[in-house]
Amino acid sequence: MNIPGQPAAKKATAGISGPCCTFANIYQNKISIRTMIVSKIREAVDQTLNQLFAEQLAGCTYQIGPTKPEFEGDYTVVLFSLAKPLRKSPDALGQELGQALVEKHVHFFSGFNVIKGFLNLTITDSYWLDLLLLYSADTTFGRHPKNGRKVMVEYSSPNTNKPLHLGHLRNNFLGWSIAEILKAGGYEVIKSCIVNDRGIHICKSMIAWVRYANGATPSSTGIKGDHFVGDFYVRFNEAYKQEMESLIAGGMSKEQAEKEAPIFKEAQQMLVDWEAGDPEVMRIWKLMNGWVYDGFDQTYKRIGSDFDHTYFESDTYLLGKKMVEEGLNKGVFQKREDGSVSIDLTADGLDEKIVQRKDGTAVYITQDIGLAIEKYHQYKCDESIYVVGDEQNYHFKVLKLICEKLGLPSAEGIYHLSYGMVELPTGKMKSREGTVVDADDLIDEMVRISAAHTEELGKVKDFNDQELQELYHMLGLGALKFFLLRVDPKKKMIFNPEESIDFHGFTGPFVQYTHARIRSILRKEKPDESASVSMSLLPLEKSLLLLLERFSTVIEQSVAEHNPSLIAIYVFELAKMFNSFYTEHSVTNAESMDKKQLRLRLCRMTANVILSGMALLGISVPERM
RNA sequence: GGUUCCGUAGCUCAGUUGGAUAGAGCAACAGCCUUCUAAGCUGUGGGUCCCGCGUUCGAAUCGCGGCGGAAUCACCA
């Protein structure tokens, strides 16, 4: 057992309760406690250092962190960096500093020790109790006040020719979560989605449908719209491959066959007709995209993704093309001999990049330039985050550079939240090899497993059918979301479909279960606001409070790093700590009335933080499970 | 080949920005339910932090050089 910064192994100080205090007489402390504890310690240390060694202090930095569990103390000041400029040994400095801190801040520091250059400080129990009494009922605890900044988070960005898969799930969960985390960090957030609804790949599924469907539709076949269209995309590739093979058998080279296959030429022609606005092509395009959107909506609803604004590539590419004109006039872009338009980025360590084809049509980056302008024009965000896989790192480097060179005001705020691919133990998911993990299938599977677990345990036999379905969904999605969010977004991750996602240990259901346990206590008995509360803390009670206090800092870090996994790790540690506390100490049968009141408040505050922490990950927590 | 990223326990991952004896979960093993939910708790075993050199009070973390892996360098998206 090793919880960062927690004195879990320490001896219990006392089983008897000390003097008591009530909510009212510590209300005035609320403002001072709102400051995070590390800042408070730093302030006190700075002040004391200044008084002791005023002149030698210029430019000194030092670290403060939670004390390791094997040492006595709550927070630790690392003295090495101060020792040299102050010309003192770390131990002597620690003694002097510790002594002065404890003397000057009797209500804040209750003791210290110095070990090998580390000054370990113990915070008074009353500080932790003040925190508990002030915030145990505050459901917004840890959230930061509004900072006046506005940020857009673009995520999901689906293609309308295939259904969502596991990789999209990581994207959707990340995007939604980072948006919530930014809100908790004080930002105003706009969630957006760009739908890649045009291009040759879309025409491919359309051609296949025209050729082979005989008028079949999702409703006539009972297949979900996005899967229905995706099947025709697969069908296209099958037919394409067959036609190429017979052309090659007839003596044609592979490269030539790729270009000459009739079905491929039909798709190319359809793209031209689409750009020209051919009514029949537009009709099919709208019809089929409509089916896909129906399918996406169902999936988005299940996973809880939503958007404040949806953009369509079929709209933004035109604005991008207008910017190509402007860029040419400004001399940022160059027209080549063959008529294509490019930008030379070799001076920036990149390559020459095409921004418009020789036939005048837009490429991928063109529409993204248009989109950047459209977004800024509409919302004027300070920052624009793109949640897109790390395979597009180069693309976003180029995009930001181009926007800078065009002098767009939105350029500076462009931030690519680059996340790693989800891979199988055998490597990348490949649709051609049928190894793609379909989102809908995976969700079904997760819900099915949670239903099986729940039934086996038999704790909610009195639930009606609707309540059961809601619980299964909450647990299945909780497990899935937690699984995908608990690892650093930057890193690629491995998903093994053979081993189902866990429900024990470092998982969503573990945290959900902890919440249900706490709620079970609080259903039996609630904190009495007028009752007195024990003034002394046992080690596990204090450890819980130390962890709870860190919530706000964790949100801050999570915002700074655009990293939801910090929240997942934190919420797991908190749940683990609560479970240790729970098995060690009884709440409803506490050794005294004021101990019971203390623990009921601890329960309430822990439940609140678990609930709001999990909400930042897009995960709901149940009352019972 | 150029650029960027990665390499930590059998597996999946942390490691607070250079700090104390490198940690969790899973898997394995041993305990704990007449007491608030055992989807839990407690304990045991498990490490050449890819290798080497360097920087300094101190390196998994920083630098250089290897080895191994990934992404990208499209008039695809």
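The chains referred to below are lettered A, B, ... by the order of the sequence lines, with proteins before strands, and numbering in each begins at 1.
- Remark: A:Lys241 engages A:Glu245 in a side-chain contact (heavy atoms from CB on, under 4.5 Å) (not counting sequence neighbours).
- B:U17: no Watson-Crick or G-U partner with both key distances under 3.5 Å is found in any strand.
- Residue-level contact check: A:Leu350 touches neither bases nor backbone, having no heavy atom under 4.0 Å from any strand.
- Within residues 358-371 of chain A, the residues that have a heavy atom under 4.0 Å from RNA chain B are, in order of number, A:Lys358, A:Val363, A:Tyr364.
- Legend: residues meeting salt bridge (Lys or Arg N to Asp or Glu O under 4.0 Å) with A:Asp488, ordered by chain and number and at least two apart, are A:Lys490.
- Rounded to whole Å, the separation between the P atoms of B:U72 and B:G66 comes to 25 Å.
- In terms of phosphate contacts, A:His201 brings no side-chain nitrogen or oxygen within less than 4.0 Å of OP1 or OP2 of B:C76.
- For the pair A:Arg517 and A:Tyr582, the cation sits on the ring face: its NZ or CZ lies under 6.0 Å from the ring centre, inside 45° of the axis.
- Which of B:U16, B:U72, B:A20 sits closest to the side chain of A:Gln557 comes down to B:U16.
- Residues that satisfy the side-chain contact (heavy atoms from CB on, under 4.5 Å) test with A:Ser450, not counting sequence neighbours, are A:Tyr472, A:Leu475, A:Phe503.
- Of all nucleotides listed (B:G19, B:C41, B:A77), B:C41 comes nearest to the side chain of A:Phe510.
- In this structure B:A60 sits in no base pair that meets the Watson-Crick or G-U test at under 3.5 Å.
- By the salt bridge (Lys or Arg N to Asp or Glu O under 4.0 Å) test, A:Lys259 pairs with no residue at all, sequence neighbours left out.
- Separating the C1' atom of B:G2 from that of B:G47 is a span of 36 Å, rounded to the nearest Å.
- At the heavy-atom level, A:Thr76 lies under 4.0 Å from base atoms of the strands shown.
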Open item on the list: Can you build the contact string for nucleotides 30-37 of chain B? Use B for base contact, S for sugar-phosphate-only contact, and - for no protein heavy atom under 4.0 Å.
Closed with: -----SBB
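- A:Arg42 places a side-chain N or O within 3.5 Å of a backbone atom of A:Tyr62 that can act as its donor or acceptor partner.
- Partners of A:Lys596 according to the side chain to side chain donor-acceptor pair (under 3.5 Å) rule, which considers only residues two or more places apart in sequence or in another chain, are A:Glu525.
- Residues forming a side-chain contact (heavy atoms from CB on, under 4.5 Å) with A:Ser39 (at least two apart in sequence, or on another chain): A:Thr35, A:Met36.
- Residues in residues 350-364 of chain A take part in these salt bridge (charged side-chain N to carboxylate O under 4.0 Å, His left out) pairs, two or more places apart or across chains: A:Arg336-A:Glu352.
- Remark: A:Arg170 fails to qualify as a cation-pi partner of A:Tyr419 under the 6.0 Å distance and 45° angle criteria applied to the six-membered ring.
- At a threshold of 4.0 Å, the pair A:Arg624-A:Asp462 counts as salt-bridged, since one of the basic side-chain nitrogens sits closer than that to a carboxylate oxygen.
- At a threshold of 4.0 angstrom between heavy atoms, the contacts of A:Asp197 with the nucleic acid are absent.
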Between the protein and nucleotides 55-61 of chain B, which nitrogen or oxygen pairs come in under 3.5 angstrom?
from  : atom 1 : to      : atom 2 : distance (Å)
B:C57 : OP1    : A:Lys84 : NZ     : 3.1

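- The side chain of A:Arg357 contributes an N or O atom lying less than 4.0 Å from OP1 or OP2 of B:A77.
- Partners of A:Met474 by side-chain contact (heavy atoms from CB on, under 4.5 Å), not counting sequence neighbours, listed by chain and number: A:Gln512, A:Ser620, A:Pro622.
- Closest-nucleotide positions on RNA chain B for A:Met421 and A:Thr514 were compared, and the one nearer the 5' end corresponds to A:Thr514.
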Please write out the pairs of protein N or O atoms and N or O atoms of nucleotides 5-15 of chain B separated by less than 3.5 Å, giving the distance to one decimal.
from  : atom 1 : to       : atom 2 : distance (Å)
B:C13 : OP1    : A:Ile494 : N      : 2.9
B:A14 : OP1    : A:Asp488 : N      : 2.8
B:A14 : OP2    : A:Lys491 : NZ     : 3.1

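- Annotation: cation-pi pair A:Arg550/A:Tyr570 absent, no NZ/CZ under 6.0 Å from the ring centroid and within 45° of its normal.
- Put simply, the side chain of A:Asn120 and the base of B:A20 share a donor and an acceptor less than 3.5 Å apart.
- The side chain of A:Ile354 lies closest to B:C75, out of B:C26, B:U42, B:C75.
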